[in-house]
Amino acid sequence: MLNPLAQELNKTLAGTVADGLFSELGQRIFFPRGIISQGGEAKRFGKVANATVGTTRVDGKPVCLEAIHKHVPMLTAAELVAYEPTAGDPNLRALWKEKIFDKNPGLKGVSISLPVVVPGLTAGISYLSDLFVDSDKPLLVANPSWDNYSLIVETRRGAELHQFEMFANGGFNLEGFKKAIAEEAKSGSVRVLLNFPQNPSGYSPTKKEAAEIVKIVKEFADKGTKFIIWDDDAYFGLNYEDDIYPQSLFAEFANLSENVLAVKIDGPTKEDFVWGFRCGFLTFGCKGMNEAQYEALVKKLMGLIRSSVSCASTPSQSLCLKAFDDPEIESQKKALRDILEARYHKVRAYVDSHQSKYLHAMPFNSGYFMSFHVEGIDAEELRQKILMEKGIGTISIDSETLRVAFSSVDEDKIETVYDAIYSTAEDLAE
């Protein structure tokens, strides 16, 4: 028997695309009217005293050890150690929503949810898996893909991760994508994750490819297939070629069809170079969905947050708000993006001018990474040999894929790194 609060949320979402996509846990989850909810009421109406919050306060304010506070003096004690609401700091959520619209002009006039703060993009993907995947509800991703997708979906959730080959003819494999969607659509619903710029390949679709991807989804949605599309935008904005589609595909999917529920997974982690802050956002968009329905989705997500980590880190959210108010932030970010772009072009020039029977660079044009398709030798053996003999670290995604994060290699070391990779591949093949 479902909890009455879960039944209430499900009733609100009845008839929407979300209703037909939930996992069993997604159906069951709810946000309780317990300590957090009652504490919120006390914050608004408890004028004499607030005896709801499990924190230490003096004169009504959170305390903070000087041994901690002295290292972050620009934050108040509350900004540093107090609990944030389950869905995150309201000011940060509102500001991030503004930023989504600013960076994605195609969303103008489109209704989307208020972003929810999650403790990192990985957590966001995990929560979406909780809500929407099951043993009989697989998730479709590209091959190759980030190995954490498999760990989350297959190992944690006991669901299947289905894959399509990402590349064909030097670009995004549109035909393979369409065939994979057609296969998934036989069940009546499709769960697909699109990650651009992609990890591990470092590829983003061109404007033409993006239009075709959207066209494929719409074709099936118009026939009644229900979609949830996860836009993993971890590396959003790091584009190094002029023909790349400049927005998140969320801008296309969020108002594409009443049969398409889009979710934007993003945050300052990579965009603002604060990897260890573990601060991300989940934002929902669906044509025809109203505020009450968005709020019901948010409440289910809040139930997952409450039942796992309770809330995301307060200092990270506070520091982000301070940083976003700094007039120098965009120029500082541009300086770092320029460094990454210079590294990209140096890597691009190297691989374009070197041939190998064993290493074939996958298409790449953006983000932090590029990857080699390894042929005739084992990628893990290659990784170990490069590491042990040349002192250079790389990542073997599988036996055929070697990932190189040029984001972490100084420009003056790029040639040394790639010389080592190519020469070691030759040595291993002998």
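The shown structure was predicted, so the numbers you read here are calculated from the model rather than taken from an experiment. We use all heavy atoms of the structure for the numbers below, so side chains are in, but hydrogens, waters and symmetry mates are not. For the single chain, residues carry numbers from 1 onward in sequence order.
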Can you measure from [atom1] ([X]) to [atom2] ([Y]) and round to the nearest 0.5 angstrom?
X      : Y      : atom1 : atom2 : result
Asn259 : Ile228 : CG    : CD1   : 13.0 Å
Gln384 : Asp378 : CD    : CG    : 9.0 Å
Leu336 : Leu340 : CG    : CG    : 7.0 Å
Ser248 : Asp231 : OG    : CG    : 4.5 Å
Leu107 : Ile112 : CG    : CD1   : 5.5 Å
Lys226 : Leu261 : NZ    : CG    : 11.0 Å

Going by the rule side-chain contact (heavy atoms from CB on, under 4.5 Å), which residues pair with [X] if we only count those two or more places apart in sequence or in a different chain?
X      : value
Thr206 : Tyr203, Lys208, Glu209, Asp243
Lys287 : Asn255, Glu258
Thr16  : Leu13, Ala18, Asp19, Met289, Gln293

Original post:
Out of Lys99, Lys270, Lys264, which one pairs with Asp233 under the salt bridge (charged side-chain N to carboxylate O under 4.0 Å, His left out) rule?
Top reply: Lys264
Is there a donor-acceptor pair under 3.5 Å between the side chain of [X] and the backbone N or O of [Y]?
X      : Y      : result
Ser23  : Asp130 : yes
Gln317 : Asp89  : yes
Gln198 : Pro144 : yes
Ser307 : Leu304 : yes
Arg157 : Ser129 : yes
Ser150 : Asp147 : no
Arg93  : Pro115 : yes
Lys299 : Phe31  : no
Thr314 : Ala82  : yes
Lys300 : Arg28  : no

Original post:
What's the verdict on side-chain contact (heavy atoms from CB on, under 4.5 Å) for Val190 and Ile181, showing C-alpha distance, side-chain angles and the deciding distance?
Top reply: CA-CA 7 Å; Val190 176; Ile181 293 294; 3.9 Å; yes
If you draw a 6.0 Å radius around [atom1] in [X], do more than 12 non-hydrogen atoms from other residues or ligands fall strictly inside?
X      : atom1 : answer
Lys346 : NZ    : yes
Asp136 : CG    : yes
Glu24  : CD    : no

Side-chain contact, heavy-atom cut-off 4.5 Å: [X] with [Y]?
X      : Y      : value
Tyr350 : Asp419 : yes
Asn104 : Phe250 : no
Pro205 : Glu212 : no
Phe196 : Ser366 : no
Pro105 : Gln247 : yes
Val17  : Phe227 : no
Val351 : Tyr422 : yes
Leu382 : Ile386 : yes

Could you list the residues that satisfy ring-ring contact (aromatic ring centres under 6.0 Å, His included) with [X], not counting sequence neighbours?
X      : answer
Tyr240 : Tyr344
Phe369 : Tyr235
Trp96  : Phe281, Phe324
Phe132 : Phe22

Original post:
Yes or no on side-chain contact (heavy atoms from CB on, under 4.5 Å) for Glu271 and Arg337, after CA distance, side-chain angles and deciding distance?
Top reply: CA-CA 9 Å; Glu271 289 188 39; Arg337 286 196 295 264; over 6 Å; no
Original post:
Which word best sums up how the rings of Phe364 and Phe406 line up, parallel for under 30°, tilted for 30 to 60°, or perpendicular for over 60°?
Top reply: tilted
Subject >> Option among Leu139, Leu140, Ile213 that satisfies the side chain to side chain contact (heavy atoms under 4.5 Å, CB included) test with Val192 >> reply: Leu140
**OP:** Can you run down the salt bridge (Lys or Arg N to Asp or Glu O under 4.0 Å) pairs that involve residues 324-336, sequence neighbours left out, and say none if there aren't any?
**Re:** Asp272-Lys333, Glu330-Lys333, Lys334-Asp338
Subject >> salt bridge (Lys or Arg N to Asp or Glu O under 4.0 Å) contacts in which one or both residues fall within residues 66-80, not counting sequence neighbours >> reply: Glu79-Lys322
Subject >> Step-by-step side-chain contact (heavy atoms from CB on, under 4.5 Å) determination, Phe253 to Val217 >> reply: CA-CA 9 Å; Phe253 294 129; Val217 171; 3.8 Å; yes
**OP:** Give a yes-or-no answer on whether the side chains of Tyr83 and Ser310 include a donor-acceptor pair shorter than 3.5 Å.
**Re:** no
Original post:
With Asp232, which residues qualify under salt bridge (Lys or Arg N to Asp or Glu O under 4.0 Å), at least two apart?
Top reply: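 Here no residue qualifies.
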**OP:** Kindly indicate, with the supporting measurements, whether the criterion side chain to side chain donor-acceptor pair (under 3.5 Å) is fulfilled by Asn239 and Tyr245.
**Re:** CA-CA 9 Å; Asn239 297 339; Tyr245 178 73; over 6 Å; no
Just list the side-chain donor-acceptor pairs under 3.5 Å for residues 407-417, sequence neighbours left out, or say none.
from   : atom 1 : to     : atom 2 : distance (Å)
Ser408 : OG     : Ala405 : O      : 3.1
Asp410 : OD1    : Arg343 : NH2    : 3.3

Distance-only check: which donor-acceptor pairs under 3.5 Å involve side-chain atoms of residues 389-401, not counting sequence neighbours?
from   : atom 1 : to     : atom 2 : distance (Å)
Glu389 : OE1    : Lys385 : NZ     : 3.4
Glu389 : OE2    : Lys385 : NZ     : 2.8
Lys390 : NZ     : Ser423 : OG     : 3.2
Lys390 : NZ     : Thr424 : OG1    : 3.2
Ser396 : OG     : Glu380 : OE1    : 2.5
Asp398 : OD1    : Glu400 : N      : 2.8
Asp398 : OD1    : Thr401 : N      : 2.9
Asp398 : OD1    : Thr401 : OG1    : 2.9
Asp398 : OD2    : Thr401 : OG1    : 3.4

Original post:
Which pair of non-hydrogen atoms, one from Cys279 and one from Thr269, has the smallest distance, and what is that distance?
Top reply: O-OG1, 3.3 Å
